[in-house]
Amino acid sequence: MPASACQGFTADDVARECGDLLDGLRATAPLVQCLTNHVASGFTANVLLAVGAAPAMVDIPGEAGAFVAGASGVLVNLGTLNAAQPAAMREAAAAAHDSGTPWVLDPVAVGTLPVRSALAAELVQRRPTLVRGNASEILALAGSGTGGRGVDASVGVDAAHHAAEALAVQTGGAVAVSGPVDLVTDGTGIVRVANGHELLTRVTGAGCALGALMAAFAGLGADPVLAATAGSVVYGVAAENAAKQAGGPGSFASALLDQLAMLTAADVVARARIAVIR
Amino acid sequence: MPASACQGFTADDVARECGDLLDGLRATAPLVQCLTNHVASGFTANVLLAVGAAPAMVDIPGEAGAFVAGASGVLVNLGTLNAAQPAAMREAAAAAHDSGTPWVLDPVAVGTLPVRSALAAELVQRRPTLVRGNASEILALAGSGTGGRGVDASVGVDAAHHAAEALAVQTGGAVAVSGPVDLVTDGTGIVRVANGHELLTRVTGAGCALGALMAAFAGLGADPVLAATAGSVVYGVAAENAAKQAGGPGSFASALLDQLAMLTAADVVARARIAVIR
Amino acid sequence: MPASACQGFTADDVARECGDLLDGLRATAPLVQCLTNHVASGFTANVLLAVGAAPAMVDIPGEAGAFVAGASGVLVNLGTLNAAQPAAMREAAAAAHDSGTPWVLDPVAVGTLPVRSALAAELVQRRPTLVRGNASEILALAGSGTGGRGVDASVGVDAAHHAAEALAVQTGGAVAVSGPVDLVTDGTGIVRVANGHELLTRVTGAGCALGALMAAFAGLGADPVLAATAGSVVYGVAAENAAKQAGGPGSFASALLDQLAMLTAADVVARARIAVIR
């Protein structure tokens, strides 16, 4: 197996890479095509705009595949599959695979729900650059679990460690498991990120939007492990800053967007809580 | 006819029950499955997360019915019926009916609009635990009106009093009519709730989200009249608190989520403005 | 060609008309039917509610056409065409055309994307009262460009000047090109509006919601150029006020709604930055 992008690097090295990626994102405003659910689509686009990326929610058959050619990164999120989205997602994933455009699969609530689970299993064949989910979802997608009770994580991140590695080997990309301490692996290297705040679990679509942010970083051409790590760190530090200003989940969501816009690379380097496990 | 849950109780008794239900919701985080419109879905999920419930927006055919088995309560809101939602709503309502899972029907803008009106009439046969709407909608669903000019109430709550009672007798559940002073009835008992604030009418989906909150309380196993009353009181007191902080409808919506998160059972008991009419 | 509504008027005259339209909107609360995308639908409805209009998101086949009869204005936005929306949009545009109800077409990202581009070309035949878009979109719809890279404007407003005039002559209505300085033309007269703030480009759906606001003003029976100008000025002044309070794009979006609610006709007159070009 090849060495992972983070192997041999210190946590400080990785933090600097994350800061550089944030600067790179601001400099290039990557176009991120999102095929996502109707609950989180507005917040997702606002997260991308706040951080400095350019969202485009092109999610219909006949357009979704063609649009990939101009996109830097693509997000496919299975949260609420309307009648037309599965066909559009097949188009987009195929186009991303064939063109080498980085793409992120967010397998929301896969496991016992049959439509999305079958679609997720099919889409995995298109080798997503990144899969982002909670532990239940990663376990289910890797064939090791039933997906919990829906969108919230009922099992811990550590329980999905081996499933994440196996899934990453299968896709040839990286897998990010979200939780109190995120885990990112490409099957070889492992990075943990402790940034974040409990209030993220009180805002709908907070995880969905993180997937879009990871697609933006992957769209810069970053190694998948670094792209996912940068997403977790940038989002997590902004969330920590937002929580200091917030009186609850409503003002937190608003402050999170403000903090994503004002976060600097220096903040990222100073505040990152990264561990390079191997 | 059986006695209603609130008959023989004082307003203070009911207020204490509402406070207990809020504590119960925090203790158990009921999973509320929402099949709702694309305008209000984000805000609805955020209201549920803020108060302490767990939303899951599973709204597609082939999944919506099966998911009910693990849900505590279900919301079916007819606001923007995409191509697949009617089939999903039939599945979910049938599954809720057959399994005895509490479910709430929000018949948005029924009356002259033919697709949703026919679907609402069909879904009523599945005996929703609660129907929540404005006076125009309740009149139309009960067969006594044409539904006004859409989603806003052009007739007063009192005008829908008898229609609400008739509809409740038909469903065997309770009916909640939203307005300046909400009315809840199961055809026998009647409770009025004066909590709330005019700014709720300036936030899209505020009524839709209240339906989801009622589904959360019904999901605790509460009597339908109590579940609807608790929803109105909790939402109304939080809205009153939010209005004190707000500079307009935008900051109000954000503050409402903050206040829902910090509201205590003691606040509910102290601030409830309930009248047990009979 | 007939004289435009603004020809022979000074900028101050037009500003006073805009203020009067804001008062008229508050006095009559026009019902604005929106067929729009799932990303912006919540924010769009909140903008209408904040300013004092009444949104109704009736966007399904079998209902969208019939609802027009009771609506003051209609918005058709092509952002995320779900499986059923094209048929609903055909219904609504035909009904608006046939009944003389003012309607606004927002041709989001038309150009290279085939489904929406074909639909937009078809809908233009129903002679929209207003077309609102960025320069790339107006160029593409007028047959002079390819639409840029999606929803953000990659060409300047001035580049679309002649395309906007040609499109307005074709529809018999007005065309509004959004950018740092908006341009409104009916093919004869030209008005420029310099109000607004850069933070509007950091909030998803900000342009979509402006289209809805223009539909509200057109729904008052205003001349199309005046309706579009009033929309740009009211939105722009509110945005300038909101930016003073905001710490970033999240708090800006919330403050924009607050400011739309509290904006007065006198503010509009005093703060409008209008130029009547001819």
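Sequence lines set the chain letters: A, B, ... in the order given, protein chains first and strands last, and positions in each chain run from 1.
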Flag the pair B:R273 and B:E240 as a salt bridge only when some basic side-chain nitrogen lies within less than 4.0 angstrom of an acidic carboxylate oxygen. yes
Side chain, backbone, both or neither of C:A50 within contact of chain B (heavy atoms, under 4.5 Å): both
Any donor-acceptor pair under 3.5 Å from C:N46 side chain to B:G250 backbone: no
Is C:T36 in contact with chain B via its backbone, its side chain, both, or neither, using a 4.5 Å heavy-atom distance? backbone
Less than 4.5 Å to any heavy atom of chain C: does that hold for the side chain of B:S41, its backbone, both, or neither? neither
For a quick check under 3.5 Å, do C:D59 and B:H38 share a side-chain donor-acceptor pair by atom type? yes
Approximate separation, where rounding is to 0.5 Å, of C:L220 CG and C:T28 OG1: 4.5 Å
Who among C:A83, C:A88, C:G62 has the most heavy-atom pairs with chain B under 4.5 Å? C:G62
